[in-house]
Structure formats: structure tokens, C-alpha cells
Amino acid sequence: MNGQPSYPAVPPSLLANLNPEQLAAVTLPPEPALILAGAGSGKTRVLTTRIAWLLQTGQVGPGGLMAVTFTNKAAKEMVTRLSTMLPYNVRGMWIGTFHGLCNRFLRAHWKIANLPQTFQILDSGDTLSAVKRVIKALKLDEERFVPKQMTWAIAGAKEEGKRPHDLPQHDGQARTLVEIYQAYEDQCQREGVVDFAELMLRSYELLRDHPEIREHYQRRFQHILVDEFQDTNRLQYLWLKMLAGPPDGAHSAALFAVGDDDQSIYAFRGAQVGNMSDFEREYRVRHLIKLERNYRSFGNILDSANALIAHNSRRLGKNLHTEAGPGEPIRVYEATSDYAEAQWLLDEAQQLHRSGTARSEVAVLYRSNAQSRVIESALFNAGVPYRVYGGLRFFERAEIKHALAYLRLIENPNDDTSFLRVVNFPARGIGARSVEQLQDAARSSGRSLNQSVGAVGGAAGAKLASFQRLIDDLRERTRGATLREIIERMLDASGLVTFYRTEKEGQDRIENLEELVTAAEAFVTQEGFGKDVIALPVDETAPGTIAAPLPGEPEAVARVDLLPDAETGEILSPLAAFLTHAALEAGDNQAQAGQDAVQLMTVHAAKGLEFDAVFITGLEEGLFPHENSLTSVSAQGADGLEEERRLMYVAITRARQRLYLSFSQTRMLHGQTRYHIKSRFIEELPETALKWISPKNQGFGSGFETSYQQAWQRGSGMGSMVGAGRHAGWSPPPAPPPSWAAPVPAAMRQAAAKDNGHGLRQGQSVFHNKFGEGVILTLEGSGTDARAQVNFGRHGAKWLALSVAKLTPIE
DNA sequence: ACACCAAAAATTTTT
DNA sequence: TTTTTGGTGT
């Protein structure tokens, strides 16, 4: 690193044990840098150590740098690690998610941003209902303008940095979209709410349109560090550029972008891997460092990951290596059915457990959520504790959303989304008719529902007025109360708890509502309400310290995401702050924590995690790679298949010690038995790293277990499975059959063994010279007329005349 | 307002 | 097959 200035010595412990590339990245000069950090290469360590190094060498004060992540989890981890490395309270630093930081920014500059100070944030559900209302108000056909698609289009436009007038209006459809977008925007503005994309967009526009604020922040932040840069969308990159300043600007911040193009799996929701190369070009990045040494996995696992990802074309190029040995071979299992696959997985998982692997160190990954059920069923029946990720999150539960709606109305009675959610929940005799009347009145006067209550007469008007009084009373009586008191009073006065007490399944919901009180309490403590604002030590003598703050803006406060008003220093009420928190951090997924349980999740959900043992299941053409991905060469020009392959790469690199791959010849999907061939991704792995496990007697009938009943309700605790006799399916001949499988009905055996003179049967794997490996879906006709429908995976399902086509049975 | 039934859809998802 | 959605009937 030529010309790198020298800085005061830092404790040797800080930089000790970094490898040369990590050290180089950590100690780069304040210039644009791109760090290509492979899976398990110590990415988070590099990020946090660089921040600590910058601070400890006095190159920057705690207010002069910003670190951005995507998830709250990643942000929290960074803060936690930093607090062990630094002698100060790092909580006031600008470390957070894109949305969290934009929220903080807009809270400080709400006036210039043209927002009410207590603006609330819509989650995706709120956004959808808001758009539905817009479509209804515009009297548009929901068939032609599907609300979900409209929210998608609006968010998509915002993430491109576009307002309604920036969109094309070439045809009627496009013009109506613009109309919906505009009306939605007006409605949000009227109600004082913003959606997730709006947080980013408004924050970006504020910087773009107000040079004095832009320059202030550009002077202030000398270092901006970005995690998971490959996942940024267009708007996020624009925002970063706005904050950092132009490449050659006098006060431009050093952008330190960390990412891995091979782990880009979110193109489908707008991520632009291209931002990496754009950044490299636009900022003339001179420091490109590849972290390729992996500290997580054994050689066989890494060899497989490398071999697989080498099949992708558009790559920045990177190869993982390790100094650990090759480790265990990767075990590959071909099952005859999804059922058998789950059974095998169960056996292997139990084996792992017996040999000392903690259950929580075993992960079962699948491409799509629907695949979890068979596995759950096998684990459940064997009494193996497991945990499924991906359910509803705490703040997304219906009862919690209802409670939050009441709280939001206390804070802002003009929040129509919340008004509509609870005006008749619990039921208080305000039906659709009355609500419609109210909406009409509101629409014609351009006011909120709450403001229009007086315009509705008769019995309906009286009931509405009484609801209004309920909220107003609540607001009055809780003025100055603690957050806990507010929530408890609301739960009581709203009738929510009373309502759920009469419900038969209401007990869980009441418990969740109690949990809400606990969450609020924790939030108050954590955010330091009732405590003095804590200022961070700032070294004024150090080179390049923080520029003067805006008037009234403290350098750092204890309340992490709630910067006071830039002019008045006013801080949000605990209630408004808690509501913001609830929207930005939807909380944990259900799933009982605590117990040592096998972890079940989609590959997407596994990103960023690691486990001693990983099972990747359902490796079949059509499932993984998913059939929809093959045809989707998405708008951005990203290749669907390549993204699937990166997904597989992410999955493989989650494993530390052992990796298991499995696929099944048949699988119940959408109520039908489907025949699949093994995923091309398996064939892209080095044969030398694999060890094929096959059931011994794969006799006839292979692939013919079909449906079995599933009698327990997901998530509703331990029910009981339907008795074995109810299972309609066939058990795999490789005995001993599992105790819970039914005997094979004789008639079905016949069907399975049916062959039409060509030595072929349904479900049989076959080879075709042109189309390769396939599975027979159906057999029809006989003699010269005999034909078969064969699923060739990537070539699709084809009908073949057996008198012509040469099909060789496999094994 | 609520219960019931039929029809349609069923990658991946954080904020 | 399961889940969600919408429509109809009471």
C-alpha cells in the first residue's frame, strides 16, 4: 500500500491473527475499496476490525463513520462485536440497516422531508391494504389491477428512484399504474405514513435536493462501510453515493464495500449485483481485495462449492481454499420417495446426534417451504425436536397487529389503515355499510376517516362516534403514562383481551398480547428512555474529526434509531418510538427457542448461518433449480439459473464438517405424485468429493410410495399422527419398513410392476441419447403404438413413441 | 356479521 | 394436498 500514512500504534490484539488479505483490507487507506469476501472468510471480522482500527488510530471519531447492513441481525452482531473491541458505548454510532438509518435520518429532518414528526412506517401487510383502498377509491377493477402486483410495481419503481411522473405512460395500463401510484402517495402523505421503500427514497431525495444537508453529511461521514453489497438495489446505491459524495469530491467519504457476487440470491427482489462493478468503475476503485481463505468448511465441501459455482459465467472470480484437510466425503442419497428421503435424513440425523453433534448444529435446507412438511412429519414421529424457520413473526401476528393499530390511533388518529383494522374489531356493530358511508364522506371532503365521523348520521354515526371517543379517551387518560401503562390500558379498553378470552383458541393470543407488554418493557430499557442522553467521547484532537453538527443535533444519543429533531432536539415519545421499532423490526420467527432442536429452513433463510452438519434436500430438476427460474431471465438481465446455482453455492457453504445431499425419484407436490430426475447441480460437483449412499435392494416398486396422511396441525404443538393403517402409500421394499408405514396393497403392487412389453414401468429412470436422463411419467398403448411420457428435467416432459425412441433403463 | 363451500393457486423475502 | 380467497346463504 503505497503512500499509506502512518497512524498511532493500536493494541496488537486488534490486528493479531488476521491473515494477510484481511489485514490489508482492515488497514486500507481512506479510499474507495471493494472487498470480495467469500463465504466463511471472516467478512464480519474484517468489517468490525476496520471500524475499530479507524477509531483507535484516531483517523475518525465515532460520529464520523457509518456502517450499513441489510438485516437487524447483522447490525446487532456488528454492534455487539464492536462493543467488545472498543472502550466506548457504540450504540449511538451510525450503525444499522439501510431502513433503520434512513428512519433515523428522516426523524432528524422530518420537517424538510415534509413528514409529521410522528410519521409511522407501514409494513408489507399495511402497504397492501393501503393500495387496496386506493384501487377501490379510484373505482378500478381489482382483476385488472391486482393489488399485490401494484404494491410490487410501486415498490419496484421507488427502488429505482422513480416517482409517478418518472414512469412511462405508453398505454392505458401504464397510465393507470401511474394514477394508482400517485393516489397511493397522496393517501400516505395525508395519513402521515411511509412504506419501507419510501424511507429510502425520501431520504435519498432529501440529500439530493438539499445541498446544505448533503454537504453536511458528506463532511461528517469520512467512512461508509457497507455489508452484503451484492444485495443492494439501485436506490440503495444511489443513496450511498449521495452520502459519500462524488469520487473526487473534497469531502467525499471512503466507501468500503464488502460483498460476494457468488452469494447474490436476491435479484428477484431488486438486488443489483451490477452495483459491484458499477462501484468499481465509477469510483475508480484501486483497492480490490479478495478474501478467499475459508475458515469454516473442510476441503471436500469447498471443492464442491468451487466446482459448482465455476459453472456460472458472469462472475468477478474467486476460489475458496482452506488449510483444513478434505474432511468427510459429501454423502449423496437417492431416495425412492420424499417419504423415504425424510426417513433417511432422520436416520442420519439421529446418527449424528448419537455421535455427539448437537441437534441445533444440524440444519435441513430446502428450496421451498412446502418441502418441510414431509421432513417435519418424520422428525415429529420419531420424537426428534426440530425448529422451523419462516413462520409469522411476532409483530406480524393478527392479534399484535390489532393491538398496534389501537396504539397507532392513539398516536395518530388519522392513520386510516389502523382505523379500518380495528374500527370493528372486536365487533361493535359497525358493519361494512357504515364503514363505506364513512369512507365516502372522507373521500369527498379529502379528510381522514377519523375526521369524517361527524358526517355520518343515524345509528351508524353514533357507533362511530363512540369508537372515536374510545380512542380519544384512551389518549387523554394515558397522557404522561409509561409505555407499559398505555399498552395495558389499551388492551383493556379496546376489549381485545376480553374478546380473545371468549375465543376457543384465544389463549395463545392473549399470551402474545402479554408478550407485547414484555417487548415494550424491554424496548424502553434498551433504548434508555427515562435516562439521560449519553454523549460519546469524541477525540477533538485526532485528525479529521467530525464536522460541526447541525444546530441542535447531538453527536450521539443513547436512543439508537431515534435521533432528535435536528432543530429542536425533540425526541419521539416512547410510544411513537416503540411503534417505529415494531415496524422496522418484525421480531423473531415463531419457533420455540431454547431447546436443542434440528434447524429446518429454506436455503434463503440459511444465508449468513453455519452448521456442523447440513442436509440439502430435494435436489431435483424442477425443484432445485426451481422450474420457474429456468424460464425467468429476469428484467435486469439476470439469469434465473445462475441465481439458483448461487443459491446452491450458499447452501453448500453453510456446512462446517459434514454435508449431505439428497433427492427423490417421486415427490408429492400439489397433491400429485411428481417424478423428478436428480438436479444438474449434483452433476456439477466433483465426483471425487462425493460418496453415493444407496439403499441396498432398490427392487421393483421403487419410487412408489405415495400419499400419507398428515394429521397434526402445523405449529399447534404436538398433535398425533393418524394411525398407520390410514396410510394409503407403499413403503419402500428395502425392508424393514418403518413402523408407521402401511403394508403395500397388492393391487398397487400390480400397478407398480406393470410393464407394456418394453421392460419399462412408470417411475423408471431411463436414458435417451439426445435428452439424457429422464423419468417415465406415463405409459400408454402397446405394441408399435406404445408411447411414454418422460420427464427429462431441463428438456421438459416429452412424449416418445417407444417403437422409435431408444430408452435405456438405468440400473 | 358470520358460517360455509367452492375455486384457484401453491418459489425464494428483509425492511 | 393444502391454503387462501371470494361468493353465497342464513
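The figures here come from the full heavy-atom set of this structure, side chains too, leaving out hydrogens, waters and symmetry mates. Sequence lines set the chain letters: A, B, ... in the order given, protein chains first and strands last, and positions in each chain run from 1. All of these numbers come straight from a predicted model, not from anything done at the bench.
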Item to check | A:L623 CG - B:dT12 C1' separation (whole Å) | outcome: 13 Å
Next on the checklist: So A:E644, base contact, sugar-phosphate only, or nothing? Heavy-atom distance under 4.0 Å.
Outcome noted: base
Next on the checklist: Judged by each residue's nearest nucleotide on DNA chain B, which is more toward the 5′ side, A:T71 or A:G429?
Outcome noted: A:G429
Next on the checklist: Quick check on B:dT15: is either OP1 or OP2 less than 4.0 Å from any side-chain nitrogen or oxygen of A:R393?
Outcome noted: yes
Checklist entry - Between B:dT14 and C:dT3, how far is it from one C1' atom to the other, in whole Å? => result 24 Å
Checklist entry - Does A:T127 use its side chain to pair, donor to acceptor, with the backbone of A:D123 at less than 3.5 Å? => result yes
Item to check | Per A:M668 side chain, nearest of listed nucleotides B:dT11, C:dT2, C:dT1 | outcome: C:dT1
Checklist entry - Does A:N72 have a side-chain nitrogen or oxygen under 4.0 Å from the phosphate oxygens OP1 or OP2 of B:dT15? => result yes
Next on the checklist: How many whole angstroms separate atom CG of A:L235 from atom P of B:dT15?
Outcome noted: 17 Å
Next on the checklist: Distance check needed: B:dT15 C1' versus A:L101 CG, whole Å only.
Outcome noted: 12 Å
Checklist entry - Picking from B:dT14, B:dT11, B:dT15, which would you name as closest to the side chain of A:L584? => result B:dT15
Next on the checklist: Heavy atoms only, 4.0 Å cut-off, all strands: where does A:F98 land among base, sugar-phosphate and nothing?
Outcome noted: nothing
Checklist outcome for this item: In terms of heavy-atom contacts, A:V258 and A:Q230 come closest through O-OE1, 4.5 Å
Checklist entry - Out of B:dT11, B:dT15, B:dT13, which nucleotide sits closest to the side chain of A:N628? => result B:dT11
Item to check | Heavy-atom check, side chain of A:L623 versus side chain of A:S368, under 4.5 Å | outcome: yes
Item to check | C:dG9: pairing nucleotide in any strand, Watson-Crick or G-U under 3.5 angstrom | outcome: B:dC2
Next on the checklist: I need the CZ-P distance between A:R674 and B:dT11, as an integer number of Å.
Outcome noted: 10 Å
Checklist entry - Taking the six-membered ring for Trp, does A:H670 stack with B:dA9 (centroid gap under 5.5 Å, planes within less than 30°)? => result no
Checklist outcome for this item: Smallest heavy-atom separation, A:F196 atom then A:A583 atom, equals CZ-O, 3.4 Å
Checklist entry - Nearest to the side chain of A:S124, which nucleotide is it out of B:dA1, B:dT11, B:dT15? => result B:dT15
Next on the checklist: Taking the P atom in each of B:dT12 and C:dT5, what is the distance between them to the nearest angstrom?
Outcome noted: 15 Å
Item to check | Whole-Å distance separating the CG atom of A:N369 from the P atom of C:dT3 | outcome: 12 Å
Checklist entry - Under 5.5 Å between ring centres and under 30° between planes: does that hold for A:F268 against the base of B:dT12? => result yes
Item to check | Along DNA chain B (nearest heavy atom to each residue), the more 5'-positioned of A:S434 and A:A583 | outcome: A:S434
Next on the checklist: So, OP1 or OP2 of B:dT13: does either fall under 4.0 Å of a side-chain N or O from A:T602?
Outcome noted: yes
Next on the checklist: Once you apply a heavy-atom cut-off of 4.0 Å, does A:A197 come out as touching a base, just sugar-phosphate, or nothing?
Outcome noted: nothing
Item to check | A:F499 six-ring face occupied by A:R509 cation (under 6.0 Å, within 45°) | outcome: no
Checklist entry - To the nearest Å, how far apart are A:L641 CG and B:dT12 C1'? => result 15 Å
Item to check | Whether A:H99 stacks on the six-membered ring of B:dT15 base, 5.5 Å and 30° limits | outcome: no
Next on the checklist: Can you tell whether the side chains of A:E436 and A:R433 come within less than 4.0 Å, N to carboxylate O?
Outcome noted: no
Item to check | Euclidean distance, atom CD of residue A:Q230 to atom C1' of B:dT14 [Å, nearest integer] | outcome: 14 Å
Item to check | Whole angstrom value for the distance that separates P of B:dC2 from CD1 of A:I430 | outcome: 13 Å
Checklist entry - According to a strict under-4.0 Å criterion, is A:R373 in side-chain N/O contact with OP1 or OP2 of C:dT3? => result yes
Next on the checklist: Under a 3.5 Å cut-off for both contacts, is B:dT14 paired Watson-Crick or G-U wobble with anything, and if yes, with which nucleotide?
Outcome noted: none
Checklist entry - Hey, what's the ring geometry for A:H604 with A:Y266, parallel, tilted or perpendicular (30° and 60° as the breaks)? => result tilted
